[in-house]
Amino acid sequence: MTFGSDDKRFMARAIELAKQGQYSAKPNPCVGCVIVQNKQIVGEGWHEKAGEPHAEVHALKQAGELAENATAYVTLEPCSHHGRTPPCANALIEAGVANVVVAMQDPNPLVSGEGVSTLREAGIDVCVGLFEEQAVALNRTFIHKMTTGKPYVMSKVAMSLDGKTAMASGESQWITGATAREDVHRLRAQSDVVLTGVGTILADNPKLTARDGLGGFPVRQPRIVVLDSQLKTPPDAVVLTNDANTTILTCSDNEQAKQALIEAGCHVEVVAADANGQVDLQAVQAWLNEPSINSVMIEAGALLNGACLQAGIVDELIVYMAPSALGDDARGAFSMPTVTQLSDQVQLTYSQMETLGDDIKLTYVVKREQ
């Protein structure tokens, strides 16, 4: 179907509305909806939080009686099943909407195609595909989870031009500038989980929350997950005292240390150990497959970064490169002692580059063995 300039204008508005939920709707997708009557917007809505009304419901409420015989522009196929909220396809039908323009089909097996079929069976004219690329980009981690059953895992590294992430002493704040650090906060805000290792907690005592550069949008803070094989995390670590939802994954049977951390306010879960007595990364990956986790951001040191890359857990590598050199004695980005020849290297595919102040942001997709 050929879409006109008005169609494009209204769907562009729906996309902008959907973006307002990019930090708060997770693990649900970001969705925007616009109701149009006689080429005038009479209702708008977007999905802010899981368990709360969807975009279509907000838009229909605002439109009221003007929704009858109107056209709805929605960025994702309206749901047709009963979840935590009623089906949006039914709400559109009951409101008497005459036409629905959808940006993309829902990849959720519970919905995919069913919403469109329900609308068409009710006599509503439905068109799919307007601004599909933009809608897909907005919900790429949700789509990945729905199609693979696994969360999309990003590994973030801030380093100097010579590939160093900290001085030999461990000093690392700050290698990159404020603009790059704000971008990291946006990545955190978009992620369901920020994953780190106990080494980072001991060295930097970071907050790992999203605070800066968020444009005033509502934020649902990411869950913080710490890999701590021997339960060395101090009970007064910031990640346990800043009201964050923090989970420690361990293979330790030290009940005293476990209880102290639980009393400090975090969850402690025991997973399998690997041959070296460390938390098994495949067990971690299985733990991260739970339904509420679509995206994971790794913020860690060289040991965990390298181990996750070699274990095949990482889907995307994001590198913030500063215009500086730290020298041979500084710490590197990835510790991979078993990579001893070129055939062992982890292959990456370049995705994009962005300039952030004086720094450069490079994004790579990790190649998978065929």
Side-chain angles (χ1 to χ4, degrees), residues 150-151 153-157 164-170 172 191-206 208 222-241 244-290 293 296-315 317 330-341 343-346 366 368-369:
K150 298 178 180 180
V153 180
M154 301 168 285
S155 181
K156 161 259 168 183
V157 176
K164 305 299 183 180
T165 59
M167 302 307 296
S169 63
S172 62
S191 302
D192 294 298
V193 165
V194 170
L195 178 70
T196 192
V198 66
T200 296
I201 301 300
L202 295 174
D204 300 332
N205 196 23
L208 298 178
R223 185 175 179 179
I224 297 171
V225 176
V226 182
L227 304 189
D228 183 357
S229 300
Q230 304 305 318
L231 291 181
K232 295 179 179 179
T233 301
D236 61 352
V238 173
V239 292
L240 307 186
T241 59
N245 181 2
T246 301
T247 297
I248 292 177
L249 298 184
T250 186
C251 53
S252 171
D253 58 2
N254 186 332
E255 287 298 326
Q256 183 177 355
K258 179 179 178 181
Q259 192 58 38
L261 290 167
I262 292 172
E263 290 176 0
C266 76
H267 309 280
V268 179
E269 296 195 30
V270 177
V271 296
D274 62 17
N276 298 314
Q278 302 295 308
V279 167
D280 184 80
L281 291 181
Q282 299 306 319
V284 172
Q285 186 175 40
W287 187 89
L288 291 170
N289 286 345
E290 69 172 72
I293 301 175
V296 177
M297 179 181 177
I298 300 174
E299 288 198 69
L303 287 174
L304 186 55
N305 280 336
C308 288
L309 264 182
Q310 284 196 282
I313 292 174
V314 179
D315 297 296
L317 179 62
R331 299 181 182 182
F334 305 99
S335 176
M336 297 189 291
T338 61
V339 176
T340 58
Q341 52 191 5
S343 59
D344 298 326
Q345 65 185 301
V346 176
V366 179
R368 299 291 187 215
E369 291 184 6

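Considering only heavy atoms from C-beta on, V268 stays 4.5 Å or farther from Q259 through its side chain. A heavy-atom distance below 4.5 Å is found between the side chains of L227 and L281. Between F334 and L317 the shortest side-chain heavy-atom distance falls below 4.5 Å. With a 4.5 Å cut-off on side-chain heavy atoms, P206 and T200 count as touching. Annotation: side chain of P222 is not in contact with side chain of M297 (no heavy-atom distance under 4.5 Å). In this structure, the side chains of S252 and V270 stay at 4.5 Å or more apart for every pair of heavy atoms.
A donor-acceptor pair is defined here as one N or O able to donate and one able to accept, closer than 3.5 Å; no such pair exists between the side chain of N205 and the backbone of A237.
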Next item on the list: Determine, stepwise, if the pair I298 / V153 fulfils side chain to side chain contact (heavy atoms under 4.5 Å, CB included).
Entry: CA-CA 7 Å; I298 300 174; V153 180; 3.7 Å; yes
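Atom CD1 of I201 is separated from atom CG of L240 by 7.5 Å, given to the nearest 0.5 angstrom. Expressed to the nearest 0.5 Å, how far OG1 of T250 lies from CD of Q230 amounts to 6.5 Å. Between atom CD1 of residue I224 and atom OG1 of residue T247 there is a gap of 9.5 Å, rounded to the nearest 0.5 Å. Of the inter-residue distances, the one linking N276 atom CG with S229 atom OG reads 10.0 Å to the nearest 0.5 angstrom. L288 contributes atom CG, which lies 7.5 Å from atom CG of L249 (distance to the nearest 0.5 angstrom). The CG atom of N254 sits 6.0 Å away from the CG atom of L231 when rounded to the nearest 0.5 Å.
Between D315 and P151, the shortest heavy-atom contact is OD2-O, 3.6 Å. Heavy atoms only, all atoms of each residue included: L202 and K232 are closest at CD2-O, 3.7 Å.
Put simply, the residue from L261, N245, I248 that forms a side chain to side chain contact (heavy atoms under 4.5 Å, CB included) with H267 is N245.
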Donor-acceptor pairs under 3.5 angstrom involving side-chain atoms of residues 304-313: please list them, not counting sequence neighbours.
from	atom 1	to	atom 2	distance (Å)
N305	OD1	S155	OG	3.3
N305	ND2	A300	O	3.1
N305	ND2	G301	O	3.2
Q310	OE1	T338	OG1	3.4
Q310	NE2	T338	OG1	2.6

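Remark: E290 engages R223 in a salt bridge (Lys or Arg N to Asp or Glu O under 4.0 Å) (not counting sequence neighbours).
Pairs engaging residues 253-270 under the salt bridge (charged side-chain N to carboxylate O under 4.0 Å, His left out) rule: none recorded [sequence neighbours left out].
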